[in-house]
There are 2 protein chains.
Amino acid sequence: MPIPKPTAERLSQLARLLEQRAARSGTISSSEIQQLTGWPSHTIRKDISSLAAAIGASANGAAEPDFSTTSGYDQAKLASAIRKALGFTNEQRKCCIVGLGRLGSAFLEYAGFQGSSFELTAGFDSNVNRVEILKADFPLYPAFKMKEVIQRTGIAYAVLCVPPQQAQGTADRLVECGILGIVNFTPAILSVPHGIEVENVSVIDALGSLTARLAAKKTHERSEQ
Amino acid sequence: MPIPKPTAERLSQLARLLEQRAARSGTISSSEIQQLTGWPSHTIRKDISSLAAAIGASANGAAEPDFSTTSGYDQAKLASAIRKALGFTNEQRKCCIVGLGRLGSAFLEYAGFQGSSFELTAGFDSNVNRVEILKADFPLYPAFKMKEVIQRTGIAYAVLCVPPQQAQGTADRLVECGILGIVNFTPAILSVPHGIEVENVSVIDALGSLTARLAAKKTHERSEQ
DNA sequence: TATTGTGAACGCGTTCACAGCA
DNA sequence: TGCTGTGAACGCGTTCACAATA
(Lines give C-alpha, C1' and ligand atoms only; values in the text may rest on other atoms or scores of the structure.)
Protein backbone atom coordinates (compact mmCIF):
# COMPACT_ATOMS: atom_id res chain seq x y z
CA MET A 1 0.00 0.00 0.00
CA PRO A 2 1.81 3.11 -1.23
CA ILE A 3 1.74 6.37 0.74
CA PRO A 4 -0.34 9.04 -1.06
CA LYS A 5 1.70 11.98 -2.21
CA PRO A 6 0.03 14.69 -0.08
CA THR A 7 0.37 12.41 2.92
CA ALA A 8 4.05 11.93 2.18
CA GLU A 9 4.56 15.68 2.04
CA ARG A 10 2.88 16.21 5.38
CA LEU A 11 4.83 13.38 6.96
CA SER A 12 8.07 14.77 5.62
CA GLN A 13 7.36 18.13 7.22
CA LEU A 14 6.25 16.42 10.39
CA ALA A 15 9.56 14.60 10.60
CA ARG A 16 11.41 17.90 10.24
CA LEU A 17 9.26 19.40 12.95
CA LEU A 18 9.81 16.50 15.33
CA GLU A 19 13.53 16.64 14.82
CA GLN A 20 13.52 20.36 15.51
CA ARG A 21 11.92 19.90 18.91
CA ALA A 22 13.86 16.76 19.82
CA ALA A 23 14.76 18.27 23.18
CA ARG A 24 11.14 18.33 24.40
CA SER A 25 9.28 15.63 26.22
CA GLY A 26 9.31 12.34 24.35
CA THR A 27 5.66 12.17 23.34
CA ILE A 28 3.34 14.27 21.21
CA SER A 29 -0.37 13.92 20.50
CA SER A 30 -2.19 14.41 17.23
CA SER A 31 -3.94 17.48 18.61
CA GLU A 32 -0.63 19.05 19.59
CA ILE A 33 0.53 18.49 16.04
CA GLN A 34 -2.64 20.13 14.87
CA GLN A 35 -1.81 23.20 16.93
CA LEU A 36 1.70 23.39 15.51
CA THR A 37 0.91 22.75 11.87
CA GLY A 38 -2.73 23.68 11.38
CA TRP A 39 -3.60 20.26 9.90
CA PRO A 40 -6.68 18.69 11.46
CA SER A 41 -5.84 15.98 13.98
CA HIS A 42 -7.78 13.28 12.14
CA THR A 43 -5.74 13.94 9.01
CA ILE A 44 -2.59 13.43 11.03
CA ARG A 45 -3.86 10.21 12.55
CA LYS A 46 -4.85 8.98 9.12
CA ASP A 47 -1.45 9.88 7.74
CA ILE A 48 0.34 8.01 10.49
CA SER A 49 -2.02 5.14 9.93
CA SER A 50 -0.97 5.03 6.25
CA LEU A 51 2.62 5.14 7.37
CA ALA A 52 2.12 2.17 9.66
CA ALA A 53 0.38 0.26 6.89
CA ALA A 54 3.25 0.96 4.49
CA ILE A 55 5.82 -0.18 7.03
CA GLY A 56 3.84 -3.26 7.94
CA ALA A 57 3.48 -4.22 4.29
CA SER A 58 7.22 -4.16 3.63
CA ALA A 59 8.30 -5.43 7.03
CA ASN A 60 7.89 -9.14 6.43
CA GLY A 61 8.77 -10.51 9.79
CA ALA A 62 10.83 -7.43 10.70
CA ALA A 63 10.32 -5.25 13.78
CA GLU A 64 6.84 -3.72 13.99
CA PRO A 65 6.33 0.04 14.39
CA ASP A 66 5.64 0.77 18.13
CA PHE A 67 5.20 4.51 18.30
CA SER A 68 1.74 5.21 19.80
CA THR A 69 1.68 5.19 23.56
CA THR A 70 -1.61 5.89 25.27
CA SER A 71 -0.82 9.59 25.38
CA GLY A 72 0.49 10.30 21.92
CA TYR A 73 3.31 9.34 19.63
CA ASP A 74 6.93 8.83 20.57
CA GLN A 75 8.60 11.72 18.82
CA ALA A 76 11.97 10.17 18.10
CA LYS A 77 10.61 6.83 16.95
CA LEU A 78 7.95 8.43 14.80
CA ALA A 79 10.44 10.74 13.12
CA SER A 80 12.83 7.94 12.25
CA ALA A 81 10.00 5.70 11.05
CA ILE A 82 8.88 8.47 8.67
CA ARG A 83 12.39 9.00 7.37
CA LYS A 84 12.78 5.29 6.77
CA ALA A 85 9.41 4.86 5.05
CA LEU A 86 9.95 7.84 2.76
CA GLY A 87 13.17 6.39 1.46
CA PHE A 88 15.56 8.59 3.35
CA THR A 89 18.53 6.73 4.82
CA ASN A 90 18.87 5.13 1.40
CA GLU A 91 21.93 5.98 -0.58
CA GLN A 92 22.26 9.72 -1.03
CA ARG A 93 21.21 11.17 -4.33
CA LYS A 94 23.85 13.40 -5.83
CA CYS A 95 22.89 16.91 -6.89
CA CYS A 96 24.61 19.82 -8.57
CA ILE A 97 24.04 23.55 -8.75
CA VAL A 98 24.00 25.07 -12.19
CA GLY A 99 24.51 28.80 -12.25
CA LEU A 100 26.50 30.39 -9.45
CA GLY A 101 25.10 33.90 -9.45
CA ARG A 102 23.65 35.44 -6.34
CA LEU A 103 21.01 32.78 -5.88
CA GLY A 104 23.09 29.79 -6.92
CA SER A 105 26.04 30.73 -4.76
CA ALA A 106 23.72 31.09 -1.76
CA PHE A 107 23.43 27.31 -1.78
CA LEU A 108 27.16 26.91 -1.31
CA GLU A 109 26.73 27.70 2.36
CA TYR A 110 23.22 26.33 2.79
CA ALA A 111 23.07 23.99 5.75
CA GLY A 112 19.75 22.33 4.89
CA PHE A 113 21.34 19.48 2.95
CA GLN A 114 22.91 17.88 5.99
CA GLY A 115 20.72 15.13 7.31
CA SER A 116 18.72 15.05 4.11
CA SER A 117 18.96 12.27 1.59
CA PHE A 118 20.49 14.61 -0.95
CA GLU A 119 24.06 15.67 -1.33
CA LEU A 120 25.58 18.55 -3.25
CA THR A 121 28.60 17.28 -5.11
CA ALA A 122 29.29 19.88 -7.79
CA GLY A 123 28.61 23.39 -9.00
CA PHE A 124 28.82 24.78 -12.54
CA ASP A 125 28.97 28.23 -14.07
CA SER A 126 29.86 29.50 -17.52
CA ASN A 127 31.83 32.30 -15.90
CA VAL A 128 35.25 30.85 -15.12
CA ASN A 129 36.02 33.69 -12.75
CA ARG A 130 33.20 32.78 -10.43
CA VAL A 131 34.22 29.17 -10.42
CA GLU A 132 37.69 30.14 -9.30
CA ILE A 133 36.76 32.77 -6.75
CA LEU A 134 33.92 31.00 -4.93
CA LYS A 135 34.66 28.49 -2.20
CA ALA A 136 32.59 25.44 -1.37
CA ASP A 137 32.82 22.05 0.30
CA PHE A 138 32.52 20.44 -3.11
CA PRO A 139 34.25 21.18 -6.40
CA LEU A 140 33.10 23.93 -8.79
CA TYR A 141 33.61 23.56 -12.51
CA PRO A 142 33.34 25.69 -15.63
CA ALA A 143 30.20 24.86 -17.62
CA PHE A 144 31.98 23.03 -20.42
CA LYS A 145 32.89 20.24 -18.02
CA MET A 146 29.26 19.57 -17.16
CA LYS A 147 28.77 16.43 -19.24
CA GLU A 148 32.00 14.81 -18.18
CA VAL A 149 31.54 15.49 -14.46
CA ILE A 150 27.86 14.60 -14.30
CA GLN A 151 28.33 11.31 -16.07
CA ARG A 152 31.53 10.34 -14.31
CA THR A 153 30.23 11.05 -10.81
CA GLY A 154 26.65 9.94 -11.39
CA ILE A 155 24.84 13.14 -10.48
CA ALA A 156 21.08 12.62 -10.71
CA TYR A 157 19.58 16.05 -10.02
CA ALA A 158 20.34 19.63 -10.93
CA VAL A 159 19.31 22.83 -9.18
CA LEU A 160 18.93 25.41 -11.94
CA CYS A 161 19.85 28.98 -11.01
CA VAL A 162 20.93 30.53 -14.32
CA PRO A 163 19.43 33.72 -15.77
CA PRO A 164 15.97 33.11 -17.29
CA GLN A 165 17.12 33.57 -20.89
CA GLN A 166 19.57 30.71 -20.54
CA ALA A 167 17.21 28.45 -18.62
CA GLN A 168 15.78 26.36 -21.46
CA GLY A 169 19.12 25.99 -23.19
CA THR A 170 20.84 24.89 -20.02
CA ALA A 171 18.02 22.48 -19.24
CA ASP A 172 18.47 20.92 -22.67
CA ARG A 173 22.18 20.46 -21.99
CA LEU A 174 21.45 18.92 -18.59
CA VAL A 175 19.10 16.42 -20.19
CA GLU A 176 21.82 15.50 -22.66
CA CYS A 177 24.13 14.93 -19.72
CA GLY A 178 21.71 12.34 -18.40
CA ILE A 179 20.24 14.27 -15.49
CA LEU A 180 16.93 12.81 -14.19
CA GLY A 181 15.34 15.78 -12.46
CA ILE A 182 15.64 19.55 -12.38
CA VAL A 183 14.68 21.91 -9.59
CA ASN A 184 13.96 25.09 -11.49
CA PHE A 185 14.57 28.32 -9.60
CA THR A 186 14.19 30.27 -12.80
CA PRO A 187 10.95 32.06 -13.73
CA ALA A 188 11.11 30.32 -17.13
CA ILE A 189 8.80 27.39 -17.88
CA LEU A 190 10.92 24.47 -19.01
CA SER A 191 10.09 21.87 -21.61
CA VAL A 192 11.78 18.52 -21.09
CA PRO A 193 11.41 15.07 -22.65
CA HIS A 194 9.37 12.26 -21.15
CA GLY A 195 10.97 10.64 -18.17
CA ILE A 196 12.65 13.82 -16.94
CA GLU A 197 10.98 15.65 -14.07
CA VAL A 198 10.94 19.36 -13.34
CA GLU A 199 9.96 20.93 -10.05
CA ASN A 200 9.40 24.65 -10.22
CA VAL A 201 10.34 26.75 -7.23
CA SER A 202 9.23 30.33 -7.45
CA VAL A 203 8.63 33.09 -4.93
CA ILE A 204 5.95 34.49 -7.15
CA ASP A 205 4.09 31.18 -7.26
CA ALA A 206 4.43 30.88 -3.50
CA LEU A 207 2.98 34.35 -3.04
CA GLY A 208 0.18 33.43 -5.42
CA SER A 209 -0.65 30.36 -3.34
CA LEU A 210 -0.70 32.48 -0.21
CA THR A 211 -3.10 34.92 -1.78
CA ALA A 212 -5.35 32.13 -3.02
CA ARG A 213 -5.44 30.47 0.40
CA LEU A 214 -6.18 33.72 2.19
CA ALA A 215 -8.96 34.48 -0.27
CA ALA A 216 -10.42 30.98 0.15
CA LYS A 217 -10.32 31.32 3.92
CA LYS A 218 -12.14 34.63 3.77
CA THR A 219 -15.01 33.38 1.64
CA HIS A 220 -15.19 30.25 3.78
CA GLU A 221 -15.56 32.29 6.95
CA ARG A 222 -18.21 34.40 5.28
CA SER A 223 -20.22 31.33 4.35
CA GLU A 224 -19.92 30.04 7.91
CA GLN A 225 -21.58 33.04 9.47
CA MET B 1 -18.09 28.72 -10.08
CA PRO B 2 -14.67 29.03 -8.47
CA ILE B 3 -11.53 27.75 -10.21
CA PRO B 4 -10.09 24.68 -8.43
CA LYS B 5 -6.71 25.29 -6.90
CA PRO B 6 -4.68 22.81 -8.99
CA THR B 7 -6.33 24.20 -12.09
CA ALA B 8 -5.39 27.73 -11.05
CA GLU B 9 -1.78 26.67 -10.61
CA ARG B 10 -1.63 25.12 -14.04
CA LEU B 11 -3.28 28.14 -15.63
CA SER B 12 -0.86 30.44 -13.88
CA GLN B 13 2.08 28.53 -15.32
CA LEU B 14 0.40 28.41 -18.68
CA ALA B 15 0.09 32.19 -18.71
CA ARG B 16 3.80 32.52 -17.96
CA LEU B 17 4.57 30.10 -20.74
CA LEU B 18 2.39 31.91 -23.27
CA GLU B 19 3.95 35.25 -22.39
CA GLN B 20 7.42 33.76 -22.82
CA ARG B 21 6.69 32.69 -26.38
CA ALA B 22 4.72 35.80 -27.30
CA ALA B 23 6.78 36.19 -30.48
CA ARG B 24 5.49 32.96 -32.04
CA SER B 25 2.45 32.45 -34.20
CA GLY B 26 -0.72 33.71 -32.56
CA THR B 27 -2.39 30.38 -31.90
CA ILE B 28 -1.62 27.27 -29.85
CA SER B 29 -3.50 23.97 -29.52
CA SER B 30 -4.10 21.93 -26.43
CA SER B 31 -1.85 19.17 -27.76
CA GLU B 32 0.99 21.62 -28.32
CA ILE B 33 0.59 22.71 -24.73
CA GLN B 34 0.71 19.07 -23.75
CA GLN B 35 4.05 18.71 -25.50
CA LEU B 36 5.46 21.77 -23.75
CA THR B 37 4.20 21.10 -20.25
CA GLY B 38 3.56 17.38 -20.05
CA TRP B 39 -0.03 17.86 -18.87
CA PRO B 40 -2.54 15.76 -20.81
CA SER B 41 -4.43 17.77 -23.42
CA HIS B 42 -7.83 16.97 -21.95
CA THR B 43 -6.74 18.38 -18.61
CA ILE B 44 -5.77 21.59 -20.35
CA ARG B 45 -9.06 21.80 -22.20
CA LYS B 46 -10.91 21.18 -18.97
CA ASP B 47 -8.87 23.85 -17.22
CA ILE B 48 -9.61 26.39 -19.91
CA SER B 49 -13.22 25.36 -19.77
CA SER B 50 -13.25 26.14 -16.04
CA LEU B 51 -11.63 29.46 -16.79
CA ALA B 52 -14.31 30.32 -19.33
CA ALA B 53 -17.02 29.34 -16.86
CA ALA B 54 -15.47 31.53 -14.17
CA ILE B 55 -15.25 34.48 -16.52
CA GLY B 56 -18.77 33.98 -17.82
CA ALA B 57 -20.14 33.83 -14.28
CA SER B 58 -18.69 37.18 -13.29
CA ALA B 59 -19.11 38.87 -16.67
CA ASN B 60 -22.73 39.91 -16.38
CA GLY B 61 -23.31 41.43 -19.74
CA ALA B 62 -19.61 42.17 -20.24
CA ALA B 63 -17.52 41.01 -23.19
CA GLU B 64 -17.44 37.23 -23.59
CA PRO B 65 -14.13 35.31 -23.76
CA ASP B 66 -13.39 34.62 -27.50
CA PHE B 67 -10.12 32.73 -27.47
CA SER B 68 -10.70 29.36 -29.22
CA THR B 69 -10.37 29.49 -32.98
CA THR B 70 -10.84 26.30 -34.92
CA SER B 71 -7.13 25.58 -34.75
CA GLY B 72 -6.30 26.30 -31.14
CA TYR B 73 -6.30 29.12 -28.64
CA ASP B 74 -5.25 32.71 -29.25
CA GLN B 75 -2.12 32.95 -27.16
CA ALA B 76 -2.26 36.61 -26.23
CA LYS B 77 -5.97 36.64 -25.44
CA LEU B 78 -5.77 33.44 -23.44
CA ALA B 79 -2.85 34.70 -21.40
CA SER B 80 -4.53 37.94 -20.49
CA ALA B 81 -7.82 36.19 -19.71
CA ILE B 82 -5.97 33.91 -17.28
CA ARG B 83 -4.23 36.82 -15.62
CA LYS B 84 -7.52 38.64 -15.24
CA ALA B 85 -9.41 35.63 -13.88
CA LEU B 86 -6.70 34.81 -11.35
CA GLY B 87 -6.86 38.25 -9.85
CA PHE B 88 -3.72 39.66 -11.37
CA THR B 89 -4.04 43.22 -12.67
CA ASN B 90 -5.63 43.98 -9.31
CA GLU B 91 -3.82 46.30 -6.98
CA GLN B 92 -0.30 45.08 -6.26
CA ARG B 93 0.28 43.34 -2.98
CA LYS B 94 3.24 44.71 -1.11
CA CYS B 95 5.95 42.34 0.09
CA CYS B 96 9.12 42.64 2.09
CA ILE B 97 12.27 40.57 2.45
CA VAL B 98 13.31 39.71 5.96
CA GLY B 99 16.91 38.64 6.31
CA LEU B 100 19.43 39.97 3.79
CA GLY B 101 22.05 37.25 3.89
CA ARG B 102 23.15 35.46 0.74
CA LEU B 103 19.71 34.19 -0.11
CA GLY B 104 17.74 37.25 0.92
CA SER B 105 20.00 39.67 -0.88
CA ALA B 106 19.65 37.59 -4.05
CA PHE B 107 16.10 38.89 -4.30
CA LEU B 108 17.31 42.46 -4.45
CA GLU B 109 18.18 41.95 -8.08
CA TYR B 110 15.56 39.35 -8.91
CA ALA B 111 13.63 40.33 -12.02
CA GLY B 112 10.70 37.96 -11.57
CA PHE B 113 8.58 40.46 -9.67
CA GLN B 114 8.06 42.73 -12.66
CA GLY B 115 4.79 41.94 -14.35
CA SER B 116 3.60 39.97 -11.35
CA SER B 117 0.92 41.18 -9.00
CA PHE B 118 3.43 41.44 -6.19
CA GLU B 119 5.81 44.23 -5.40
CA LEU B 120 8.87 44.33 -3.18
CA THR B 121 8.76 47.49 -1.13
CA ALA B 122 11.15 46.91 1.75
CA GLY B 123 13.95 44.78 3.12
CA PHE B 124 14.97 44.19 6.73
CA ASP B 125 18.03 42.82 8.48
CA SER B 126 19.21 42.91 12.06
CA ASN B 127 22.71 43.66 10.82
CA VAL B 128 22.86 47.41 10.26
CA ASN B 129 25.97 47.06 8.15
CA ARG B 130 24.23 45.00 5.53
CA VAL B 131 21.35 47.43 5.39
CA GLU B 132 23.75 50.26 4.65
CA ILE B 133 25.98 48.46 2.21
CA LEU B 134 23.41 46.71 0.03
CA LYS B 135 21.68 48.57 -2.76
CA ALA B 136 18.14 47.99 -3.99
CA ASP B 137 15.32 49.70 -5.86
CA PHE B 138 13.41 49.88 -2.59
CA PRO B 139 14.47 50.98 0.91
CA LEU B 140 16.28 48.65 3.34
CA TYR B 141 15.79 49.06 7.07
CA PRO B 142 17.33 47.75 10.29
CA ALA B 143 15.12 45.13 11.90
CA PHE B 144 13.90 47.32 14.74
CA LYS B 145 11.94 49.44 12.26
CA MET B 146 9.95 46.46 11.04
CA LYS B 147 6.73 47.18 12.85
CA GLU B 148 6.66 50.83 12.00
CA VAL B 149 7.43 50.35 8.30
CA ILE B 150 5.14 47.38 7.73
CA GLN B 151 2.18 49.06 9.35
CA ARG B 152 2.75 52.49 7.81
CA THR B 153 3.20 51.21 4.26
CA GLY B 154 0.68 48.37 4.45
CA ILE B 155 2.96 45.47 3.60
CA ALA B 156 0.94 42.24 3.44
CA TYR B 157 3.52 39.51 2.83
CA ALA B 158 7.00 38.68 4.04
CA VAL B 159 9.67 36.54 2.41
CA LEU B 160 11.59 34.98 5.28
CA CYS B 161 15.30 34.40 4.66
CA VAL B 162 16.84 34.56 8.13
CA PRO B 163 19.00 31.79 9.66
CA PRO B 164 16.90 28.81 10.81
CA GLN B 165 17.45 29.44 14.53
CA GLN B 166 15.86 32.87 14.20
CA ALA B 167 13.02 31.76 11.94
CA GLN B 168 10.28 31.16 14.50
CA GLY B 169 11.14 34.25 16.51
CA THR B 170 11.13 36.45 13.44
CA ALA B 171 7.87 34.91 12.26
CA ASP B 172 6.31 35.77 15.61
CA ARG B 173 7.45 39.36 15.24
CA LEU B 174 6.07 39.53 11.70
CA VAL B 175 2.71 38.32 12.92
CA GLU B 176 2.72 41.04 15.57
CA CYS B 177 3.42 43.55 12.82
CA GLY B 178 0.22 42.49 11.12
CA ILE B 179 1.65 40.51 8.23
CA LEU B 180 -0.89 38.19 6.55
CA GLY B 181 1.34 35.64 4.86
CA ILE B 182 4.91 34.36 5.05
CA VAL B 183 6.92 32.67 2.33
CA ASN B 184 9.34 30.61 4.35
CA PHE B 185 12.70 29.94 2.70
CA THR B 186 14.02 28.60 5.98
CA PRO B 187 14.24 24.87 6.72
CA ALA B 188 12.40 25.53 10.01
CA ILE B 189 8.74 24.59 10.36
CA LEU B 190 6.83 27.64 11.51
CA SER B 191 3.87 27.80 13.86
CA VAL B 192 1.57 30.74 13.28
CA PRO B 193 -1.86 31.73 14.59
CA HIS B 194 -5.09 31.10 12.74
CA GLY B 195 -5.64 33.41 9.84
CA ILE B 196 -1.95 33.71 8.96
CA GLU B 197 -0.69 31.62 6.06
CA VAL B 198 2.74 30.10 5.55
CA GLU B 199 4.07 28.76 2.30
CA ASN B 200 7.23 26.70 2.64
CA VAL B 201 9.80 26.88 -0.12
CA SER B 202 12.60 24.39 0.18
CA VAL B 203 15.10 22.85 -2.19
CA ILE B 204 15.08 19.70 -0.15
CA ASP B 205 11.31 19.36 -0.41
CA ALA B 206 11.51 20.02 -4.14
CA LEU B 207 14.14 17.30 -4.53
CA GLY B 208 11.94 15.01 -2.48
CA SER B 209 9.00 15.63 -4.81
CA LEU B 210 11.20 14.91 -7.81
CA THR B 211 12.31 11.62 -6.32
CA ALA B 212 8.75 10.65 -5.46
CA ARG B 213 7.51 11.44 -8.96
CA LEU B 214 10.33 9.55 -10.62
CA ALA B 215 9.69 6.56 -8.38
CA ALA B 216 5.95 6.69 -9.12
CA LYS B 217 6.62 6.87 -12.84
CA LYS B 218 8.88 3.85 -12.70
CA THR B 219 6.38 1.63 -10.91
CA HIS B 220 3.67 2.89 -13.22
CA GLU B 221 5.68 1.91 -16.28
CA ARG B 222 6.35 -1.46 -14.74
CA SER B 223 2.66 -2.12 -14.23
CA GLU B 224 1.96 -1.06 -17.81
CA GLN B 225 4.22 -3.67 -19.28
C1' DT C 1 -10.12 16.07 -40.37
C1' DA C 2 -8.48 18.52 -36.58
C1' DT C 3 -9.74 21.02 -33.18
C1' DT C 4 -12.50 22.66 -28.76
C1' DG C 5 -15.99 21.76 -25.27
C1' DT C 6 -18.40 19.16 -21.64
C1' DG C 7 -21.51 15.87 -19.04
C1' DA C 8 -20.65 11.59 -16.67
C1' DA C 9 -17.84 8.07 -14.54
C1' DC C 10 -14.00 7.32 -11.94
C1' DG C 11 -10.37 7.38 -8.41
C1' DC C 12 -8.35 9.04 -4.55
C1' DG C 13 -7.54 11.78 -0.57
C1' DT C 14 -10.19 13.83 3.05
C1' DT C 15 -13.51 13.79 6.54
C1' DC C 16 -16.39 11.65 9.74
C1' DA C 17 -17.96 8.85 13.37
C1' DC C 18 -17.18 5.49 16.24
C1' DA C 19 -14.68 1.33 17.83
C1' DG C 20 -10.64 -0.05 20.59
C1' DC C 21 -7.52 0.49 24.16
C1' DA C 22 -4.97 2.02 28.36
C1' DT D 1 -11.48 10.08 30.10
C1' DG D 2 -8.36 10.93 26.53
C1' DC D 3 -6.03 9.18 23.26
C1' DT D 4 -5.10 6.28 18.77
C1' DG D 5 -6.87 3.68 14.85
C1' DT D 6 -9.80 2.74 10.87
C1' DG D 7 -13.81 1.36 7.84
C1' DA D 8 -17.17 4.01 5.35
C1' DA D 9 -19.11 8.10 3.26
C1' DC D 10 -18.07 12.08 1.02
C1' DG D 11 -16.28 15.62 -2.16
C1' DC D 12 -13.55 17.07 -5.68
C1' DG D 13 -10.38 17.00 -9.39
C1' DT D 14 -9.19 13.99 -13.13
C1' DT D 15 -10.15 11.20 -16.89
C1' DC D 16 -12.91 9.57 -20.50
C1' DA D 17 -15.78 9.45 -24.43
C1' DC D 18 -18.26 11.73 -27.42
C1' DA D 19 -20.91 15.76 -29.13
C1' DA D 20 -20.14 20.20 -31.49
C1' DT D 21 -18.00 23.34 -34.53
C1' DA D 22 -15.52 24.90 -38.52
Side-chain angles (χ1 to χ4, degrees), chain A residues 1-14 25-35 37-57 64-75 77-78 81-82 212-213 216 219-220 223-224, chain B residues 1-14 18 25-35 37-57 64-75 77-78 81-82 209 212-213 216 219-220 223-224:
Chain A
M1 194 183 280
I3 296 179
K5 190 194 159 183
T7 294
E9 279 169 7
R10 281 191 299 268
L11 287 175
S12 168
Q13 278 201 40
L14 178 56
S25 72
T27 181
I28 190 170
S29 72
S30 57
S31 49
E32 285 178 285
I33 298 176
Q34 168 168 27
Q35 251 206 322
T37 62
W39 309 321
S41 63
H42 50 74
T43 297
I44 293 152
R45 289 202 303 278
K46 190 70 166 182
D47 287 350
I48 294 177
S49 172
S50 296
L51 174 74
I55 292 174
E64 63 273 21
D66 97 320
F67 25 83
S68 86
T69 71
T70 175
S71 61
Y73 302 98
D74 183 302
Q75 298 195 48
K77 286 178 186 168
L78 180 53
I82 293 173
R213 284 222 297 277
T219 58
H220 184 64
S223 69
E224 271 179 343
Chain B
M1 194 181 281
I3 295 179
K5 190 193 159 183
T7 294
E9 278 169 5
R10 281 191 299 268
L11 286 175
S12 169
Q13 278 201 39
L14 177 57
L18 292 175
S25 72
T27 182
I28 191 171
S29 72
S30 57
S31 49
E32 285 178 283
I33 297 175
Q34 168 167 29
Q35 251 205 320
T37 62
W39 309 321
S41 64
H42 49 75
T43 298
I44 293 151
R45 290 203 301 280
K46 191 69 167 182
D47 286 350
I48 295 177
S49 173
S50 295
L51 174 74
I55 293 175
E64 64 272 22
D66 98 319
F67 25 82
S68 86
T69 71
T70 176
S71 61
Y73 302 97
D74 182 300
Q75 298 194 49
K77 285 177 186 169
L78 180 54
I82 293 173
S209 299
R213 284 221 298 275
T219 58
H220 184 63
S223 70
E224 269 178 343

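Letters go in sequence order (proteins before strands), and every chain restarts at 1. No experiment lies behind these values; they were computed from the predicted model shown.
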* Residues B:Asp74, B:Asp66; criterion side-chain contact (heavy atoms from CB on, under 4.5 Å); working and verdict -> CA-CA 9 Å; B:Asp74 182 300; B:Asp66 98 319; over 6 Å; no
* Using a cut-off of less than 4.0 Å, is there contact between a side-chain N or O of B:Thr7 and OP1 or OP2 of D:dG13? ->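 So the side chain of B:Thr7 is outside the cut-off, no N or O lying under 4.0 Å from OP1 or OP2 of D:dG13.
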* For C:dT3, does either OP1 or OP2 sit under 4.0 Å from a side-chain N or O belonging to B:Thr69? ->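 For B:Thr69, the contact criterion (side-chain N or O under 4.0 Å from OP1 or OP2 of C:dT3) is not met.
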Atom-to-atom span, [atom1] of [X] to [atom2] of [N] - whole angstrom:
X       : N      : atom1 : atom2 : result
A:Glu9  : C:dG13 : CD    : C1'   : 13 Å
B:Glu32 : C:dT4  : CD    : P     : 9 Å
A:Trp39 : C:dT15 : CH2   : P     : 13 Å
B:Ile44 : C:dG5  : CD1   : P     : 13 Å
B:Lys5  : C:dG13 : NZ    : C1'   : 14 Å
B:Asp66 : C:dT4  : CG    : P     : 15 Å
A:Leu11 : C:dG13 : CG    : P     : 13 Å
A:Asp74 : D:dC3  : CG    : P     : 17 Å

Which nucleotide, [options], lies nearest any side-chain atom of [X]?
X       : options               : value
A:Tyr73 : C:dT14, C:dT3, D:dT4  : D:dT4
A:Pro6  : C:dG5, D:dT4, C:dG13  : C:dG13
B:Ile48 : C:dG5, D:dG5, D:dT14  : C:dG5
B:Pro40 : D:dT15, D:dT4, C:dG13 : D:dT15

* Asked: Does B:Ser30 reach the side chain of B:His42, with side-chain heavy atoms less than 4.5 Å apart?
  ->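 Not touching, per the 4.5 Å side-chain cut-off.
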* **Closest approach of A:Ile3 to A:Ser50 (non-hydrogen atoms, all atoms of both residues)** =>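 Closest approach of A:Ile3 to A:Ser50, heavy atoms only: CG1-O, 4.4 Å.
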* **Nearest heavy atoms of A:Ile82 and A:Leu11, plus distance in Å** =>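 Here A:Ile82 and A:Leu11 meet closest at CG2-O, 3.5 Å.
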* Asked: For every nucleotide of nucleotides 16-22 of chain C, 5' to 3': is a protein heavy atom under 4.0 Å from its base (B), only from its sugar-phosphate (S), or from neither (-)?
  -> SB-----
* Under the salt bridge (charged side-chain N to carboxylate O under 4.0 Å, His left out) test, which residues partner A:Arg10, sequence neighbours left out? ->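 Here the qualifying residues are A:Asp47.
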* To do: Say whether, by atom type as modelled, one donor and one acceptor occur between the side chain of A:Thr27 and the main chain of A:Tyr73 under 3.5 angstrom.
  =>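 Confirmed, A:Thr27 side chain pairs with A:Tyr73 backbone.
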* Asked: Crowded around A:Glu32 CD? As in, over 12 foreign heavy atoms under 6.0 Å?
  ->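 Atom CD in A:Glu32 is crowded, with more than 12 foreign heavy atoms closer than 6.0 Å.
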* Asked: Heavy atoms under 4.0 Å, any strand shown: does B:Ser30 hit a base, just sugar-phosphate, or nothing?
  ->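 Sugar-phosphate: the residue B:Ser30, judged by heavy atoms under 4.0 Å, touches backbone atoms but no base.
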